[in-house]
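Report on the structure given below.
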Amino acid sequence: MPIDAGSLHFLVGPGIALLAIALIGLFLRWAFESDSSSSRPRPREELLTPVATLTRRESALALRAVLSDAGIRSTIREPAAHRADVLVFPEDLDRARALALSFGGR
């Protein structure tokens with residue numbers, strides 16, 4: 001025996017579907033929202049520290065090779081044209097500065 005849903009019975013199916021989509025959307029928004037603890041800045045000791053700023057990328061690569069030979073991990077950042085920063089981890093900063101001062105590739 002069919003159940004009479006009234007004169008708007010054709011809206012029951014789409015209404016349930018829209019409600020289900022809305023609930024899924026709310027769940028996904030909750031599940032994938034950014035965590036406020038991950039958006040705060042990291043402590044200073046976890047960041048790379050600039051050890052030298054050079055005018056040419058080739059010089060920065062040469063300094064990076066010198067640091068690598070000494071067992072110091074480093075990377076290069078190019079924040080502007082004709083400028084290359086060599087960055088190292090804070091625990092290697094003193095040794096890297098000593099090598100950068102003796103480096104003549106500027």
Side-chain angles (χ1 to χ4, degrees):
M1 177 183 244
I3 298 174
D4 185 22
S7 64
L8 299 176
H9 67 280
F10 61 92
L11 291 179
V12 173
I16 292 173
L18 289 175
L19 181 64
I21 290 172
L23 289 174
I24 290 171
L26 287 173
F27 172 76
L28 290 174
R29 183 174 179 169
W30 170 78
F32 292 107
E33 73 181 346
S34 63
D35 187 21
S36 63
S37 64
S38 66
S39 63
R40 65 179 174 210
R42 291 182 182 175
R44 176 85 173 139
E45 61 270 8
E46 291 182 25
L47 300 175
L48 294 174
T49 306
V51 71
T53 300
L54 304 164
T55 57
R56 295 184 356 211
R57 179 173 172 76
E58 294 80 18
S59 298
L61 289 171
L63 175 58
R64 198 166 168 230
V66 169
L67 294 174
S68 178
D69 289 343
I72 299 172
R73 297 171 296 165
S74 63
T75 190
I76 297 173
R77 172 181 65 189
E78 296 181 51
H82 305 293
R83 182 175 167 203
D85 297 333
V86 179
L87 307 162
V88 298
F89 287 96
E91 60 268 12
D92 297 326
L93 185 60
D94 294 332
R95 289 180 33 225
R97 280 190 179 150
L99 287 170
L101 287 175
S102 66
F103 180 71
R106 294 179 189 227

CG of Leu93 to CG of Leu87: how many Å apart, nearest 0.5 Å?
-> 10.5 Å
How many angstroms lie between atom OG of Ser59 and atom CD1 of Ile76, to the nearest 0.5 angstrom?
-> 10.0 Å
How long is the gap from OG1 on Thr75 to CG on Leu67, to the nearest 0.5 Å?
-> 11.5 Å
Would you kindly confirm whether Leu23 and Phe27 end up in one hydrophobic cluster when ILVMFWY residues are joined by side chain heavy atoms under 4.5 Å apart?
-> no
Look at the side chain of Arg64 and the backbone N and O of Ser74, then say whether any donor-acceptor pair between them is shorter than 3.5 Å.
-> yes
Indicate the atoms forming the closest heavy-atom contact of Asp92 with Arg73, along with that distance.
-> OD2-N, 4.1 Å
Please report the shortest heavy-atom distance between Ala100 and Leu63, naming the atom on each side.
-> CA-CD1, 4.0 Å
Of the non-hydrogen atoms in Asp85 and Pro79, which two are nearest, and what is the gap between them?
-> OD2-CG, 3.5 Å
Any link between Ile21 and Ile24 through a network of hydrophobic side chains (Ile, Leu, Val, Met, Phe, Trp, Tyr) touching at under 4.5 Å?
-> no
Answer yes or no: is there a side-chain heavy-atom contact under 4.5 Å between Phe89 and Leu48?
-> yes
Work out which heavy atom in Leu99 is nearest to a heavy atom in Ala70; give both atom names and the distance.
-> CD1-CB, 3.4 Å
OG1 of Thr53 to CZ of Arg77: how many Å apart, nearest 0.5 Å?
-> 7.5 Å
